[in-house]
Colleague: 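First the structure, then my questions, so here it is.
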Number of protein chains: 2
Amino acid sequence: MAARRSSDNLKEVIRDFRRDQVIDVARRLFGERGTTEVSMDEIAAQAGVARSTVYVYFANRDELLRACLKRMLDQLLESIAVDWERDTEPAQRLRTLIGGMFERLDDNPAFFRLALVTQEAVVQGSAAVGSELALIGLEIAGMIQDLYLEGVSSGLFRPMEPDRATSLIGQQIYGAMSVRASELIPMPRADAAAEVTEFLLRGLSA
Amino acid sequence: MAARRSSDNLKEVIRDFRRDQVIDVARRLFGERGTTEVSMDEIAAQAGVARSTVYVYFANRDELLRACLKRMLDQLLESIAVDWERDTEPAQRLRTLIGGMFERLDDNPAFFRLALVTQEAVVQGSAAVGSELALIGLEIAGMIQDLYLEGVSSGLFRPMEPDRATSLIGQQIYGAMSVRASELIPMPRADAAAEVTEFLLRGLSA
DNA sequence: GATCCTTCGGACAGTGTGTCCGATTTATTG
DNA sequence: CAATAAATCGGACACACTGTCCGAAGGATC
(Lines give C-alpha, C1' and ligand atoms only; values in the text may rest on other atoms or scores of the structure.)
Protein backbone atom coordinates (compact mmCIF):
# COMPACT_ATOMS: atom_id res chain seq x y z
CA MET A 1 0.00 0.00 0.00
CA ALA A 2 2.76 2.35 0.99
CA ALA A 3 4.69 1.32 -2.07
CA ARG A 4 1.64 1.88 -4.19
CA ARG A 5 1.14 5.31 -2.74
CA SER A 6 4.75 6.35 -3.22
CA SER A 7 4.67 4.98 -6.73
CA ASP A 8 1.67 7.09 -7.52
CA ASN A 9 3.38 10.09 -6.04
CA LEU A 10 6.42 9.48 -8.19
CA LYS A 11 4.23 9.38 -11.22
CA GLU A 12 2.68 12.62 -10.24
CA VAL A 13 6.11 14.16 -9.85
CA ILE A 14 7.10 12.97 -13.29
CA ARG A 15 3.86 14.20 -14.69
CA ASP A 16 4.37 17.61 -13.15
CA PHE A 17 7.91 17.68 -14.38
CA ARG A 18 6.83 17.04 -17.95
CA ARG A 19 4.05 19.54 -17.64
CA ASP A 20 6.49 22.16 -16.50
CA GLN A 21 8.81 21.24 -19.31
CA VAL A 22 6.12 22.07 -21.83
CA ILE A 23 5.02 25.14 -19.93
CA ASP A 24 8.52 26.56 -19.90
CA VAL A 25 8.90 26.17 -23.62
CA ALA A 26 5.47 27.58 -24.29
CA ARG A 27 6.09 30.53 -22.03
CA ARG A 28 9.27 31.38 -23.84
CA LEU A 29 7.74 31.06 -27.28
CA PHE A 30 4.57 32.92 -26.36
CA GLY A 31 6.71 35.68 -24.93
CA GLU A 32 8.95 35.85 -27.97
CA ARG A 33 6.35 35.90 -30.68
CA GLY A 34 2.92 36.37 -29.12
CA THR A 35 0.25 33.80 -28.36
CA THR A 36 -1.31 33.61 -31.77
CA GLU A 37 1.94 33.22 -33.65
CA VAL A 38 3.07 29.99 -32.06
CA SER A 39 1.63 26.64 -33.08
CA MET A 40 1.15 23.64 -30.85
CA ASP A 41 3.40 21.76 -33.26
CA GLU A 42 6.22 24.10 -32.52
CA ILE A 43 5.79 23.98 -28.79
CA ALA A 44 5.72 20.21 -28.83
CA ALA A 45 8.77 20.01 -31.05
CA GLN A 46 10.84 22.36 -28.92
CA ALA A 47 9.75 20.59 -25.78
CA GLY A 48 10.82 17.34 -27.38
CA VAL A 49 7.47 15.58 -27.22
CA ALA A 50 4.83 14.59 -29.72
CA ARG A 51 2.01 16.99 -30.34
CA SER A 52 -0.51 14.44 -29.21
CA THR A 53 1.34 14.15 -25.92
CA VAL A 54 0.90 17.83 -25.26
CA TYR A 55 -2.81 17.26 -25.55
CA VAL A 56 -2.55 14.62 -22.87
CA TYR A 57 -1.37 17.26 -20.44
CA PHE A 58 -3.40 20.21 -21.65
CA ALA A 59 -6.89 19.93 -23.01
CA ASN A 60 -6.30 22.69 -25.52
CA ARG A 61 -4.35 25.75 -26.36
CA ASP A 62 -6.15 27.95 -23.89
CA GLU A 63 -5.47 25.66 -21.01
CA LEU A 64 -1.80 25.64 -21.86
CA LEU A 65 -1.76 29.41 -21.93
CA ARG A 66 -3.59 29.48 -18.64
CA ALA A 67 -1.05 27.13 -17.14
CA CYS A 68 1.75 29.40 -18.31
CA LEU A 69 0.14 32.41 -16.71
CA LYS A 70 -0.61 30.61 -13.51
CA ARG A 71 2.93 29.40 -13.24
CA MET A 72 4.36 32.85 -13.74
CA LEU A 73 2.06 34.36 -11.15
CA ASP A 74 2.73 31.58 -8.68
CA GLN A 75 6.41 32.32 -9.00
CA LEU A 76 5.68 35.98 -8.54
CA LEU A 77 3.80 35.41 -5.31
CA GLU A 78 6.42 33.02 -4.08
CA SER A 79 9.25 35.41 -4.68
CA ILE A 80 7.39 38.24 -3.00
CA ALA A 81 6.43 36.21 0.04
CA VAL A 82 10.02 35.87 1.18
CA ASP A 83 10.70 39.54 1.70
CA TRP A 84 7.16 40.24 2.75
CA GLU A 85 7.48 38.35 5.98
CA ARG A 86 10.82 39.92 6.77
CA ASP A 87 9.80 43.55 6.51
CA THR A 88 6.92 44.85 8.54
CA GLU A 89 7.32 48.57 8.26
CA PRO A 90 4.69 49.73 5.73
CA ALA A 91 6.90 51.91 3.56
CA GLN A 92 9.52 49.21 3.40
CA ARG A 93 6.89 46.61 2.59
CA LEU A 94 5.67 48.68 -0.29
CA ARG A 95 9.21 49.08 -1.52
CA THR A 96 9.96 45.38 -1.46
CA LEU A 97 6.60 44.49 -2.93
CA ILE A 98 7.23 46.69 -5.91
CA GLY A 99 10.84 45.63 -6.14
CA GLY A 100 9.84 41.99 -6.12
CA MET A 101 7.33 42.45 -8.86
CA PHE A 102 9.85 44.30 -10.98
CA GLU A 103 12.34 41.55 -10.38
CA ARG A 104 9.98 38.93 -11.73
CA LEU A 105 9.10 41.17 -14.59
CA ASP A 106 12.72 41.61 -15.60
CA ASP A 107 13.10 37.87 -15.48
CA ASN A 108 10.98 37.42 -18.59
CA PRO A 109 9.60 40.76 -19.72
CA ALA A 110 8.25 39.41 -22.97
CA PHE A 111 5.96 36.93 -21.32
CA PHE A 112 5.18 39.18 -18.42
CA ARG A 113 3.88 41.74 -20.83
CA LEU A 114 1.79 39.04 -22.35
CA ALA A 115 0.57 38.04 -18.92
CA LEU A 116 -0.54 41.54 -18.02
CA VAL A 117 -2.26 41.64 -21.31
CA THR A 118 -3.85 38.26 -21.41
CA GLN A 119 -5.02 38.32 -17.86
CA GLU A 120 -7.85 40.44 -19.10
CA ALA A 121 -7.99 39.58 -22.75
CA VAL A 122 -8.43 35.87 -22.38
CA VAL A 123 -11.17 36.25 -19.86
CA GLN A 124 -13.31 37.29 -22.76
CA GLY A 125 -13.01 34.37 -25.07
CA SER A 126 -12.48 31.56 -22.64
CA ALA A 127 -14.05 32.30 -19.33
CA ALA A 128 -11.91 29.77 -17.54
CA VAL A 129 -8.66 31.70 -17.45
CA GLY A 130 -9.90 34.52 -15.33
CA SER A 131 -10.74 32.88 -12.06
CA GLU A 132 -7.37 31.62 -10.94
CA LEU A 133 -5.53 34.70 -12.02
CA ALA A 134 -8.09 36.90 -10.38
CA LEU A 135 -7.38 35.06 -7.15
CA ILE A 136 -3.72 35.93 -7.34
CA GLY A 137 -4.59 39.49 -8.12
CA LEU A 138 -6.77 39.43 -5.05
CA GLU A 139 -3.95 38.08 -2.98
CA ILE A 140 -1.69 40.94 -3.95
CA ALA A 141 -4.52 43.38 -3.42
CA GLY A 142 -4.86 41.94 0.06
CA MET A 143 -1.19 42.55 0.73
CA ILE A 144 -1.48 46.11 -0.45
CA GLN A 145 -4.48 46.73 1.73
CA ASP A 146 -2.70 45.25 4.75
CA LEU A 147 0.27 47.50 4.38
CA TYR A 148 -1.91 50.50 3.80
CA LEU A 149 -3.89 49.84 6.97
CA GLU A 150 -0.67 49.39 8.94
CA GLY A 151 0.52 52.67 7.54
CA VAL A 152 -2.63 54.41 8.67
CA SER A 153 -2.33 52.96 12.16
CA SER A 154 1.21 54.19 12.49
CA GLY A 155 0.20 57.63 11.30
CA LEU A 156 2.33 57.38 8.19
CA PHE A 157 -0.58 57.44 5.74
CA ARG A 158 -3.59 59.66 5.76
CA PRO A 159 -6.83 57.79 6.32
CA MET A 160 -9.10 57.12 3.43
CA GLU A 161 -11.46 54.42 2.29
CA PRO A 162 -9.18 51.32 2.34
CA ASP A 163 -10.58 49.92 -0.87
CA ARG A 164 -9.96 53.16 -2.66
CA ALA A 165 -6.43 53.45 -1.35
CA THR A 166 -5.74 49.88 -2.37
CA SER A 167 -7.11 50.55 -5.80
CA LEU A 168 -5.02 53.66 -6.30
CA ILE A 169 -1.85 51.92 -5.21
CA GLY A 170 -2.66 48.92 -7.35
CA GLN A 171 -3.30 51.10 -10.36
CA GLN A 172 0.03 52.81 -10.07
CA ILE A 173 1.87 49.52 -9.71
CA TYR A 174 -0.03 47.98 -12.58
CA GLY A 175 0.72 50.94 -14.79
CA ALA A 176 4.36 50.99 -13.82
CA MET A 177 4.73 47.32 -14.63
CA SER A 178 2.95 47.63 -17.94
CA VAL A 179 5.18 50.48 -18.98
CA ARG A 180 8.33 48.80 -17.76
CA ALA A 181 7.39 45.57 -19.50
CA SER A 182 7.26 47.28 -22.85
CA GLU A 183 10.43 49.29 -22.52
CA LEU A 184 13.37 48.02 -24.48
CA ILE A 185 15.88 49.35 -22.01
CA PRO A 186 14.10 49.94 -18.72
CA MET A 187 15.85 52.00 -16.08
CA PRO A 188 17.71 50.12 -13.34
CA ARG A 189 15.32 48.07 -11.29
CA ALA A 190 16.18 49.56 -7.93
CA ASP A 191 15.80 53.10 -9.24
CA ALA A 192 12.50 52.38 -10.89
CA ALA A 193 11.10 50.68 -7.81
CA ALA A 194 12.28 53.54 -5.60
CA GLU A 195 10.75 56.13 -7.87
CA VAL A 196 7.34 54.52 -7.92
CA THR A 197 7.46 53.86 -4.20
CA GLU A 198 8.39 57.41 -3.31
CA PHE A 199 5.67 58.76 -5.53
CA LEU A 200 3.10 56.53 -3.91
CA LEU A 201 4.30 57.37 -0.42
CA ARG A 202 3.94 61.02 -1.18
CA GLY A 203 0.47 60.52 -2.53
CA LEU A 204 -0.53 58.57 0.54
CA SER A 205 1.30 60.57 3.18
CA ALA A 206 -0.62 62.04 6.06
CA MET B 1 -11.02 68.32 -64.24
CA ALA B 2 -12.94 69.79 -61.34
CA ALA B 3 -15.67 67.24 -61.85
CA ARG B 4 -13.10 64.51 -61.96
CA ARG B 5 -11.57 65.71 -58.76
CA SER B 6 -14.85 65.94 -56.91
CA SER B 7 -15.85 62.58 -58.24
CA ASP B 8 -12.70 61.08 -56.88
CA ASN B 9 -13.32 62.74 -53.58
CA LEU B 10 -16.80 61.34 -53.47
CA LYS B 11 -15.43 57.90 -54.07
CA GLU B 12 -12.98 58.38 -51.28
CA VAL B 13 -15.77 59.42 -48.97
CA ILE B 14 -17.77 56.36 -49.90
CA ARG B 15 -14.75 54.23 -49.47
CA ASP B 16 -14.06 55.66 -46.04
CA PHE B 17 -17.69 55.23 -45.13
CA ARG B 18 -17.62 51.55 -45.99
CA ARG B 19 -14.35 51.10 -44.23
CA ASP B 20 -15.79 52.63 -41.09
CA GLN B 21 -18.82 50.42 -41.42
CA VAL B 22 -16.65 47.35 -41.25
CA ILE B 23 -14.46 48.82 -38.54
CA ASP B 24 -17.45 49.53 -36.33
CA VAL B 25 -18.71 45.99 -36.60
CA ALA B 26 -15.27 44.55 -36.03
CA ARG B 27 -14.69 46.75 -33.04
CA ARG B 28 -17.91 45.62 -31.45
CA LEU B 29 -17.27 41.95 -32.10
CA PHE B 30 -13.63 42.10 -31.06
CA GLY B 31 -14.70 43.81 -27.88
CA GLU B 32 -17.44 41.32 -27.16
CA ARG B 33 -15.55 38.13 -27.72
CA GLY B 34 -11.87 38.89 -28.09
CA THR B 35 -9.78 39.16 -31.23
CA THR B 36 -9.11 35.50 -31.75
CA GLU B 37 -12.70 34.39 -31.34
CA VAL B 38 -14.16 36.31 -34.24
CA SER B 39 -13.77 35.18 -37.83
CA MET B 40 -13.55 37.38 -40.85
CA ASP B 41 -16.64 35.61 -42.13
CA GLU B 42 -18.60 36.82 -39.19
CA ILE B 43 -17.41 40.38 -39.42
CA ALA B 44 -18.24 40.49 -43.09
CA ALA B 45 -21.67 38.98 -42.55
CA GLN B 46 -22.60 41.39 -39.79
CA ALA B 47 -21.29 44.31 -41.78
CA GLY B 48 -23.44 43.14 -44.66
CA VAL B 49 -20.65 42.68 -47.17
CA ALA B 50 -18.91 39.73 -48.76
CA ARG B 51 -15.82 38.41 -47.07
CA SER B 52 -13.78 39.08 -50.18
CA THR B 53 -14.86 42.70 -50.03
CA VAL B 54 -13.43 43.08 -46.57
CA TYR B 55 -10.11 42.03 -48.03
CA VAL B 56 -10.41 44.83 -50.54
CA TYR B 57 -10.36 47.33 -47.70
CA PHE B 58 -8.00 45.58 -45.32
CA ALA B 59 -5.06 43.53 -46.43
CA ASN B 60 -5.53 41.08 -43.61
CA ARG B 61 -6.86 40.53 -40.16
CA ASP B 62 -4.09 42.42 -38.44
CA GLU B 63 -4.64 45.48 -40.54
CA LEU B 64 -8.31 45.45 -39.68
CA LEU B 65 -7.50 45.22 -36.01
CA ARG B 66 -5.01 48.01 -36.39
CA ALA B 67 -7.63 50.14 -38.09
CA CYS B 68 -10.02 49.50 -35.21
CA LEU B 69 -7.44 50.57 -32.67
CA LYS B 70 -6.42 53.61 -34.64
CA ARG B 71 -10.00 54.72 -34.98
CA MET B 72 -10.66 54.38 -31.28
CA LEU B 73 -7.55 56.32 -30.38
CA ASP B 74 -8.25 59.00 -32.93
CA GLN B 75 -11.66 59.49 -31.37
CA LEU B 76 -10.01 59.61 -27.99
CA LEU B 77 -7.63 62.36 -29.01
CA GLU B 78 -10.38 64.24 -30.75
CA SER B 79 -12.65 64.19 -27.74
CA ILE B 80 -9.88 65.28 -25.43
CA ALA B 81 -8.71 68.09 -27.65
CA VAL B 82 -11.92 70.05 -27.17
CA ASP B 83 -11.62 70.53 -23.43
CA TRP B 84 -7.88 70.72 -23.57
CA GLU B 85 -7.84 74.03 -25.36
CA ARG B 86 -10.47 75.49 -23.07
CA ASP B 87 -8.74 74.83 -19.76
CA THR B 88 -5.28 76.09 -19.18
CA GLU B 89 -4.88 75.73 -15.46
CA PRO B 90 -2.70 72.60 -14.94
CA ALA B 91 -4.82 70.88 -12.29
CA GLN B 92 -7.93 71.42 -14.33
CA ARG B 93 -6.21 70.20 -17.44
CA LEU B 94 -5.25 67.01 -15.70
CA ARG B 95 -8.79 66.59 -14.49
CA THR B 96 -10.33 66.99 -17.91
CA LEU B 97 -7.68 64.86 -19.55
CA ILE B 98 -8.46 61.98 -17.24
CA GLY B 99 -12.17 62.62 -17.45
CA GLY B 100 -12.03 62.61 -21.22
CA MET B 101 -10.19 59.34 -21.33
CA PHE B 102 -12.65 57.75 -18.94
CA GLU B 103 -15.49 59.02 -21.04
CA ARG B 104 -14.14 57.33 -24.13
CA LEU B 105 -13.45 54.23 -22.15
CA ASP B 106 -17.02 54.01 -20.88
CA ASP B 107 -18.18 54.38 -24.43
CA ASN B 108 -16.99 50.91 -25.31
CA PRO B 109 -15.18 49.34 -22.36
CA ALA B 110 -14.93 45.93 -23.96
CA PHE B 111 -12.95 47.13 -26.90
CA PHE B 112 -11.05 49.71 -24.92
CA ARG B 113 -9.77 46.96 -22.72
CA LEU B 114 -8.73 45.14 -25.81
CA ALA B 115 -7.04 48.26 -27.09
CA LEU B 116 -5.02 48.76 -23.95
CA VAL B 117 -4.07 45.17 -24.21
CA THR B 118 -3.37 44.86 -27.87
CA GLN B 119 -1.45 48.05 -28.13
CA GLU B 120 1.44 46.11 -26.70
CA ALA B 121 0.53 42.56 -27.54
CA VAL B 122 0.20 42.96 -31.24
CA VAL B 123 3.46 44.76 -31.54
CA GLN B 124 5.05 41.40 -31.00
CA GLY B 125 3.61 39.36 -33.78
CA SER B 126 3.03 41.99 -36.40
CA ALA B 127 5.42 44.84 -36.09
CA ALA B 128 3.20 47.15 -38.05
CA VAL B 129 0.60 47.89 -35.44
CA GLY B 130 2.87 49.55 -32.99
CA SER B 131 4.05 52.62 -34.79
CA GLU B 132 0.82 54.54 -35.22
CA LEU B 133 -0.47 53.75 -31.79
CA ALA B 134 2.82 54.66 -30.24
CA LEU B 135 2.48 58.05 -31.90
CA ILE B 136 -0.84 58.67 -30.23
CA GLY B 137 0.62 57.54 -26.95
CA LEU B 138 3.37 60.04 -27.55
CA GLU B 139 0.85 62.75 -28.22
CA ILE B 140 -0.87 62.19 -24.91
CA ALA B 141 2.49 61.94 -23.18
CA GLY B 142 3.28 65.32 -24.67
CA MET B 143 0.08 66.76 -23.24
CA ILE B 144 0.90 65.38 -19.83
CA GLN B 145 4.36 66.80 -19.94
CA ASP B 146 3.05 70.21 -20.98
CA LEU B 147 0.65 70.41 -18.11
CA TYR B 148 3.27 69.22 -15.70
CA LEU B 149 5.72 71.90 -16.79
CA GLU B 150 3.03 74.54 -16.50
CA GLY B 151 2.32 73.28 -13.01
CA VAL B 152 5.94 73.61 -12.07
CA SER B 153 6.14 77.14 -13.43
CA SER B 154 3.14 78.20 -11.44
CA GLY B 155 4.58 76.66 -8.30
CA LEU B 156 1.81 74.10 -8.05
CA PHE B 157 4.02 71.06 -8.64
CA ARG B 158 7.37 70.29 -7.17
CA PRO B 159 10.15 70.22 -9.74
CA MET B 160 11.48 66.92 -10.89
CA GLU B 161 12.85 65.41 -14.07
CA PRO B 162 10.00 66.14 -16.56
CA ASP B 163 10.26 62.75 -18.22
CA ARG B 164 10.00 60.99 -14.91
CA ALA B 165 7.02 63.03 -13.83
CA THR B 166 5.33 62.36 -17.14
CA SER B 167 6.00 58.69 -16.80
CA LEU B 168 4.60 58.52 -13.27
CA ILE B 169 1.45 60.38 -14.25
CA GLY B 170 1.05 58.25 -17.34
CA GLN B 171 1.46 55.07 -15.36
CA GLN B 172 -1.24 56.03 -12.93
CA ILE B 173 -3.64 56.94 -15.68
CA TYR B 174 -2.85 53.80 -17.62
CA GLY B 175 -3.39 51.66 -14.55
CA ALA B 176 -6.60 53.44 -13.65
CA MET B 177 -7.97 52.91 -17.14
CA SER B 178 -6.98 49.28 -17.23
CA VAL B 179 -8.69 48.62 -13.94
CA ARG B 180 -11.77 50.58 -14.86
CA ALA B 181 -12.00 48.83 -18.20
CA SER B 182 -12.26 45.46 -16.55
CA GLU B 183 -14.73 46.41 -13.87
CA LEU B 184 -18.27 45.23 -14.44
CA ILE B 185 -19.77 48.13 -12.57
CA PRO B 186 -17.19 50.91 -12.42
CA MET B 187 -17.77 53.79 -10.06
CA PRO B 188 -19.33 56.95 -11.47
CA ARG B 189 -17.05 58.50 -14.01
CA ALA B 190 -16.75 61.90 -12.39
CA ASP B 191 -15.90 60.37 -9.02
CA ALA B 192 -13.32 58.05 -10.47
CA ALA B 193 -11.67 60.81 -12.45
CA ALA B 194 -11.64 63.09 -9.42
CA GLU B 195 -10.13 60.41 -7.24
CA VAL B 196 -7.26 59.68 -9.58
CA THR B 197 -6.68 63.36 -10.23
CA GLU B 198 -6.55 64.28 -6.56
CA PHE B 199 -4.19 61.43 -5.86
CA LEU B 200 -1.88 62.54 -8.63
CA LEU B 201 -2.02 66.17 -7.57
CA ARG B 202 -1.04 65.19 -4.08
CA GLY B 203 1.83 63.10 -5.35
CA LEU B 204 3.04 65.96 -7.50
CA SER B 205 2.36 68.85 -5.17
CA ALA B 206 5.18 71.16 -4.22
C1' DG C 1 -24.87 51.56 -75.24
C1' DA C 2 -19.95 50.88 -74.01
C1' DT C 3 -16.91 51.24 -70.15
C1' DC C 4 -15.27 51.35 -65.64
C1' DC C 5 -15.49 50.12 -60.90
C1' DT C 6 -17.26 47.79 -57.08
C1' DT C 7 -19.18 44.02 -55.08
C1' DC C 8 -20.41 39.39 -54.90
C1' DG C 9 -20.11 34.47 -54.19
C1' DG C 10 -17.68 30.69 -54.37
C1' DA C 11 -13.52 27.83 -55.21
C1' DC C 12 -8.95 27.14 -53.75
C1' DA C 13 -4.50 25.94 -51.26
C1' DG C 14 -2.38 26.33 -47.07
C1' DT C 15 -2.19 26.11 -42.12
C1' DG C 16 -3.54 25.06 -37.56
C1' DT C 17 -6.56 22.65 -34.16
C1' DG C 18 -8.25 18.94 -31.61
C1' DT C 19 -9.38 13.85 -31.84
C1' DC C 20 -8.34 9.30 -32.45
C1' DC C 21 -5.95 4.96 -32.70
C1' DG C 22 -2.60 1.45 -33.53
C1' DA C 23 2.34 0.81 -32.85
C1' DT C 24 6.28 1.36 -29.91
C1' DT C 25 8.74 2.21 -26.04
C1' DT C 26 9.32 2.31 -21.00
C1' DA C 27 8.29 1.03 -16.37
C1' DT C 28 6.06 -2.22 -12.93
C1' DT C 29 4.86 -6.42 -11.02
C1' DG C 30 4.56 -11.37 -10.13
C1' DC D 1 12.53 -13.09 -16.95
C1' DA D 2 8.10 -12.70 -18.77
C1' DA D 3 3.64 -10.60 -18.53
C1' DT D 4 1.21 -6.60 -18.00
C1' DA D 5 0.24 -1.84 -17.59
C1' DA D 6 1.10 2.87 -18.79
C1' DA D 7 3.04 6.52 -21.32
C1' DT D 8 4.51 8.16 -25.64
C1' DC D 9 4.77 8.35 -30.42
C1' DG D 10 3.55 9.34 -35.11
C1' DG D 11 0.47 9.91 -38.27
C1' DA D 12 -4.31 10.16 -40.17
C1' DC D 13 -8.49 12.54 -39.80
C1' DA D 14 -12.34 16.11 -39.92
C1' DC D 15 -13.04 20.67 -39.27
C1' DA D 16 -12.44 25.66 -39.32
C1' DC D 17 -10.19 29.80 -40.70
C1' DT D 18 -7.15 32.65 -43.58
C1' DG D 19 -5.84 34.91 -47.63
C1' DT D 20 -5.99 34.65 -52.82
C1' DC D 21 -8.19 34.51 -57.01
C1' DC D 22 -11.56 35.03 -60.61
C1' DG D 23 -15.70 35.17 -63.34
C1' DA D 24 -20.30 37.05 -62.95
C1' DA D 25 -23.55 40.64 -61.80
C1' DG D 26 -24.82 45.12 -60.68
C1' DG D 27 -24.53 50.50 -60.91
C1' DA D 28 -22.68 54.63 -62.09
C1' DT D 29 -20.28 57.51 -65.72
C1' DC D 30 -19.17 59.19 -70.15
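In the text below, chain A, chain B and the rest are named by the order of the sequence lines, each starting its count at 1.
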Colleague: According to side-chain contact (heavy atoms from CB on, under 4.5 Å), who are the partners of B:Glu78, at least two apart in sequence or on a separate chain?
Modeller: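 None.
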Colleague: Looking at residues 21-29 of chain B, who's got a heavy atom less than 4.0 Å off DNA chain D?
Modeller: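 None - not one residue of the stretch has a heavy atom sitting under 4.0 Å from the strand.
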Colleague: For A:Glu42 and C:dT17, what is the distance between atoms CD and C1' respectively, to the nearest whole Å?
Modeller: 15 Å
Colleague: Could you work out, with ring-ring contact (aromatic ring centres under 6.0 Å, His included) as the rule, every residue matching A:Tyr148, not counting sequence neighbours?
Modeller: A:Phe157
Colleague: Identify, with sequence neighbours excluded, every residue that meets side-chain contact (heavy atoms from CB on, under 4.5 Å) alongside A:Ala59.
Modeller: A:Glu63
Colleague: Sequence neighbours excluded and cut-off under 3.5 Å, please list the side-chain donor-acceptor pairs for residues 183-192 of chain B, or say none.
Modeller:
from, atom 1, to, atom 2, distance (Å)
B:Arg189, NH1, B:Asp106, OD2, 3.0

Colleague: Please list, pair by pair, any protein nitrogen or oxygen found under 3.5 Å from a nitrogen or oxygen in nucleotides 25-27 of chain D.
Modeller:
none

Colleague: Tell me which residues in residues 47-58 of chain A lie within less than 4.0 Å of DNA chain C, going by non-hydrogen atoms.
Modeller: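 Heavy-atom cutoff 4.0 Å gives A:Arg51, A:Ser52, A:Tyr55.
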Colleague: Could you tell me how far apart A:Arg18 (CZ) and D:dT8 (C1') are, to the nearest whole angstrom?
Modeller: 8 Å
Colleague: Of all residues at least two apart in sequence or in a different chain, which pass the side-chain contact (heavy atoms from CB on, under 4.5 Å) check with A:Ser39?
Modeller: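 Applying side-chain contact (heavy atoms from CB on, under 4.5 Å) to A:Ser39 gives A:Asp41, A:Glu42.
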Colleague: May I ask you to establish whether B:Arg180 and B:Phe102 are in a cation-pi arrangement, using a distance under 6.0 Å from NZ or CZ to the six-membered ring centre and at most 45° from the ring axis?
Modeller: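 That pair qualifies as a cation-pi contact.
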Colleague: For A:Asn60 and D:dA16, give me the distance from atom CG to atom C1', rounded to whole Å.
Modeller: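 Taking CG of A:Asn60 and C1' of D:dA16, I get 15 Å after rounding.
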Colleague: In chain order, what residues pass the side-chain contact (heavy atoms from CB on, under 4.5 Å) check against B:Arg61, with sequence neighbours excluded?
Modeller: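 B:Arg61 satisfies side-chain contact (heavy atoms from CB on, under 4.5 Å) with B:Phe30, B:Met40 only.
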Colleague: In whole angstroms, how far is the P atom of C:dG16 from the CG atom of A:Asp62?
Modeller: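 It is 18 Å, rounded to the nearest whole Å.
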Colleague: My understanding is that only residues two or more places apart in sequence, or in another chain, count here; which of them pass salt bridge (charged side-chain N to carboxylate O under 4.0 Å, His left out) with B:Glu89?
Modeller: none
Colleague: By ring-ring contact (aromatic ring centres under 6.0 Å, His included), which residues pair with B:Tyr57, not counting sequence neighbours?
Modeller: none
Colleague: How many Å lie between CD1 on B:Ile43 and C1' on D:dT18, as a whole number?
Modeller: 12 Å
Colleague: For residues 93-102 of chain A, which residue pairs pass the salt bridge (Lys or Arg N to Asp or Glu O under 4.0 Å) check, not counting sequence neighbours?
Modeller: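 Only A:Arg93-A:Glu150, A:Arg95-A:Glu198 qualify under salt bridge (Lys or Arg N to Asp or Glu O under 4.0 Å).
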Colleague: At under 4.0 Å, does any side-chain N or O of B:Arg61 touch on OP1 or OP2 of D:dC17?
Modeller: no
Colleague: Side chain of A:Ser178, backbone of A:Tyr174: donor and acceptor closer than 3.5 Å?
Modeller: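 Checking the backbone N and O of A:Tyr174 against the side chain of A:Ser178, a donor-acceptor pair under 3.5 Å is found.
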